[in-house]
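Note that the structure is predicted; figures quoted are calculated from it, not measured.
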Amino acid sequence: MKKLAEKTGGILNFTDYKKKSARIGYGVIVALLVLCVIIALLPPVWLFISSFKEAGELTAVPYHLFPEKFNLGKIADVWGMIHFETYFLNTLLVVAMAVVCAVLFNGVLAYALSIIKPLGYKLVYGMVLAGYMIPAITSIVPLYKMIVRLNLIDTYLPLGLVFGANAFYLIMFKNYFDSLPGALFDAARVDGCNKGKMFFSIVLPLSRPMIGVVSIFVMTASWSDFLLPYLVLQKEKAMTIMVKIYDLQNTMGTVTGFGPDKLLMVLTISILPQIVLFALFQKQITGNAVSAGIKE
């Protein structure tokens with residue numbers, strides 16, 4: 001309550017909180033937010049707890065929420081049982097390629113549309129906006145046919161390009177570049193800085209907040225996507241984590257000792273990297289997202 005009495009920013013300030021109705025409304029909003037957090041956390045928490053159960057405990061009557069014992073060695077057992085490191089490294093490769101493509105391709109095009117502004121740049125940007133309105137799922141069939149014709153099946157290049165080159169990321173970059181002071185580029189031109197050097201020496205260093213935000217979006221999308229990797233990566237050794245999880249679900253009975261409890265552990269392992277990443281860089285992610293949306 002002390003913080004509310006000193007609050008000066010936002011829709012409501014300290015004078016509004018002197019009213020009982022405002023305090024009640026504030027309490028209701030906080031309660032709803034806490035409820036939303038609980039609802040959002042229930043599935044991953046349940047998955048984490050259940051993954052340490054044995055197969056018989058999952059269907060035991062009466063049902064017990066917690067396992068009889070938390071055996072951390074089960075993680076290593078499951079990892080070694082299916083050689084999870086192969087699919088983990090495959091996914092990391094796709095994520096890395098997607099991040100590089102997202103920053104390079106979207107950044108360069110946004111730089112051209114926002115700073116250089118060549119002849120016809122408005123038309124190009126209009127086409128990008130038009131393409132953004134087309135649902136991505138409708139392009140799966142022509143995209144797959146193109147990948148087949150280019151003999152890129154069982155390669156990671158099309159995944160990196162598709163996950164990286166995205167109209168949404170381009171719009172984010174362009175909006176951010178529009179907020180950069182034009183005097184900075186005028187001074188660079190006077191000093192003899194060419195367009196390429198201006199991009200790598202000035203624009204990219206100033207765009208670290210936006211690069212961080214876009215990278216998080218790209219990593220999340222490329223790590224968790226299933227459909228396109230499932231269509232492109234047909235060999236088992238080339239599969240990403242999500243494709244391998246689907247394969248394990250279909251072939252569960254053919255792997256000795258691999259049951260539903262092991263599948264839950266695989267699911268837990270697959271989501272842990274994203275949770276750890278967000279936990280470690282939460283302040284940077286949220287801070288960059290806010291600063292990326294502020295124009296000077």
Looking at [X] and [Y], what are the two nearest heavy atoms and their distance?
X: Lys53; Y: Pro67; result: CG-CB, 3.6 Å
X: Val232; Y: Ile153; result: O-CG2, 3.3 Å
X: Thr138; Y: Ile134; result: OG1-CG2, 3.4 Å
X: Cys193; Y: Met198; result: SG-N, 3.4 Å
X: Ser215; Y: Val99; result: OG-CG1, 3.8 Å
X: Gly164; Y: Tyr169; result: O-CD1, 3.5 Å

Hey, mind stepping through Thr240 and Asn90 against side-chain hydrogen bond (donor to acceptor under 3.5 Å, both in side chains) and telling me if it holds? CA-CA 6 Å; Thr240 59; Asn90 292 344; over 6 Å; no
Assign the ring pair Phe84 / Phe88 to parallel, tilted or perpendicular, where the plane angle (0 to 90°) is split at 30° and 60°.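 It falls in the tilted class, 30° to 60°.
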Mind telling me whether Phe168 and Phe217 have parallel, tilted or perpendicular rings, with 30° and 60° as the class edges?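 It falls in the tilted class, 30° to 60°.
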Would you check if the distance from the ring center of Phe177 to the ring center of Phe173 is below 6.0 Å?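 Ring centroids of Phe177 and Phe173 are less than 6.0 Å from each other.
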For the residue pair Trp223 and Phe163, is the inter-centroid distance of their aromatic rings smaller than 6.0 Å?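 Trp223 vs Phe163: aromatic centres not under 6.0 Å.
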Tell me, do [X] and [Y] make a side-chain contact under 4.5 Å, heavy atoms counted?
X: Glu85; Y: His83; value: yes
X: Tyr230; Y: Met242; value: no
X: Leu32; Y: Val28; value: yes
X: Leu143; Y: Leu228; value: yes
X: Leu161; Y: Phe105; value: yes
X: Trp46; Y: Leu42; value: no
X: Glu57; Y: Glu68; value: yes
X: Ile137; Y: Ile140; value: yes

Are any side-chain N or O atoms of [X] and backbone N or O atoms of [Y], one a donor and one an acceptor, separated by less than 3.5 Å?
X: Ser114; Y: Asp178; value: yes
X: Asn175; Y: Ile171; value: yes
X: Gln234; Y: Asp154; value: no
X: Thr91; Y: Ile241; value: yes

Reported [atom1]-to-[atom2] distance for the pair [X] and [Y], which is rounded to 0.5 angstrom:
X: Cys101; Y: Leu159; atom1: SG; atom2: CG; answer: 10.5 Å
X: Ser51; Y: Ile75; atom1: OG; atom2: CD1; answer: 7.0 Å
X: Phe199; Y: Tyr111; atom1: CZ; atom2: OH; answer: 8.0 Å
X: Ile269; Y: Ile82; atom1: CD1; atom2: CD1; answer: 7.0 Å
X: Leu93; Y: Tyr156; atom1: CG; atom2: OH; answer: 6.5 Å
X: Phe48; Y: Leu41; atom1: CZ; atom2: CG; answer: 13.5 Å

Aromatic Tyr125 / basic Lys174 pairing, under 6.0 angstrom, 45° off normal: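 Yes, Lys174 sits over the ring of Tyr125.
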Please evaluate residues Leu206 and Ile202 with respect to the criterion side-chain contact (heavy atoms from CB on, under 4.5 Å), reporting the C-alpha separation (whole Å), side-chain torsions for both, the decisive distance (0.1 Å), and the verdict. CA-CA 6 Å; Leu206 291 176; Ile202 299 176; 3.9 Å; yes
Could Asp77 and Lys262 be called an ion pair, given the rule that one side-chain N must be under 4.0 Å from one carboxylate O?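 Salt bridge between Asp77 and Lys262, a charged N being under 4.0 Å from a carboxylate O: no.
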Take Tyr132 and Asn166 through the side-chain hydrogen bond (donor to acceptor under 3.5 Å, both in side chains) test and state the conclusion after the steps. CA-CA 8 Å; Tyr132 182 56; Asn166 187 288; over 6 Å; no
